[in-house]
Colleague: 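Here it is: the structure, laid out below.
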Amino acid sequence: MKNSILVGTGGMLGAGLRYTIMITIPDILFLWGINGVGSFILGWLAGRANATGKASSLLWTTGVLGSFTTFSTFSAEWLILLEENIIFSSMYGVGMTLFCFMAAAIGLQLGGKFK
């Protein structure tokens, strides 16, 4: 039960933060920023996994970052763009995936260095 409360609380915080940022930043820039920052932080936390407890990990990774960066939003945005322009949408999808992968890798490296 405690773990569910941690994840739920983190989810509420992450969703609120995502919404607050979403209403202040243009759409495409918003998604790149949210997904990139979230991937970096998740990588960093994974690199620090030995230094944090399970409760902290559930709150921040599954809860906050799980609702802050959502794959479903990225997928829906990609499909909307696909209907408009197949070349741009393909570049967007591949670019976003590579960008987030690299952000997570950098975060993982930095998180591992500061144990």
Colleague: Are Phe74 and Phe101 connected in a single hydrophobic cluster, I mean Ile/Leu/Val/Met/Phe/Trp/Tyr linked by side-chain heavy atoms less than 4.5 Å apart?
Modeller: no

Colleague: Find out whether Phe68 and Ile21 are in side-chain contact, i.e. whether some heavy atom of one side chain is under 4.5 Å from a heavy atom of the other.
Modeller: yes

Colleague: Looking only at heavy atoms, what is the nearest atom pair of Ile34 and Arg18, with distance?
Modeller: CG2-NH1, 3.1 Å

Colleague: Do the side chain of Trp60 and the main chain of Leu65 share a donor and acceptor less than 3.5 angstrom apart?
Modeller: no

Colleague: Residues in side-chain hydrogen bond (donor to acceptor under 3.5 Å, both in side chains) with Thr70, at least two apart?
Modeller: Thr73

Colleague: Go through the structure and list residues passing side chain to side chain contact (heavy atoms under 4.5 Å, CB included) with Ile5, not counting sequence neighbours.
Modeller: Met1, Thr9

Colleague: Is the backbone of Gly11 close enough, under 3.5 Å, to the side chain of Ser67 for a donor and an acceptor to pair up by distance?
Modeller: yes

Colleague: Give the cluster check for Leu98 versus Leu108: same hydrophobic cluster or not, with ILVMFWY residues linked at side-chain heavy-atom distances below 4.5 Å.
Modeller: no

Colleague: Report the relative orientation of the aromatic rings in Phe88 and Tyr92; use parallel for angles under 30°, tilted for 30 to 60°, perpendicular for over 60°.
Modeller: parallel

Colleague: Kindly say whether the aromatic ring centers of Trp44 and Phe40 come within a distance under 6.0 Å.
Modeller: no

Colleague: At their closest point, which heavy atom of Ser89 faces which heavy atom of Leu82, and how far apart are they?
Modeller: OG-CD1, 3.2 Å

Colleague: For Leu13 and Leu17, what are the C-alpha separation, side-chain angles and deciding distance, and is it a side-chain contact (heavy atoms from CB on, under 4.5 Å)?
Modeller: CA-CA 6 Å; Leu13 294 171; Leu17 182 59; over 6 Å; no

Colleague: Is it true that Ile86 and Trp78 fall in one hydrophobic cluster, defined by side-chain heavy atoms closer than 4.5 Å?
Modeller: no

Colleague: Is the shortest side-chain heavy-atom distance between Leu110 and Ile106 below 4.5 Å?
Modeller: yes

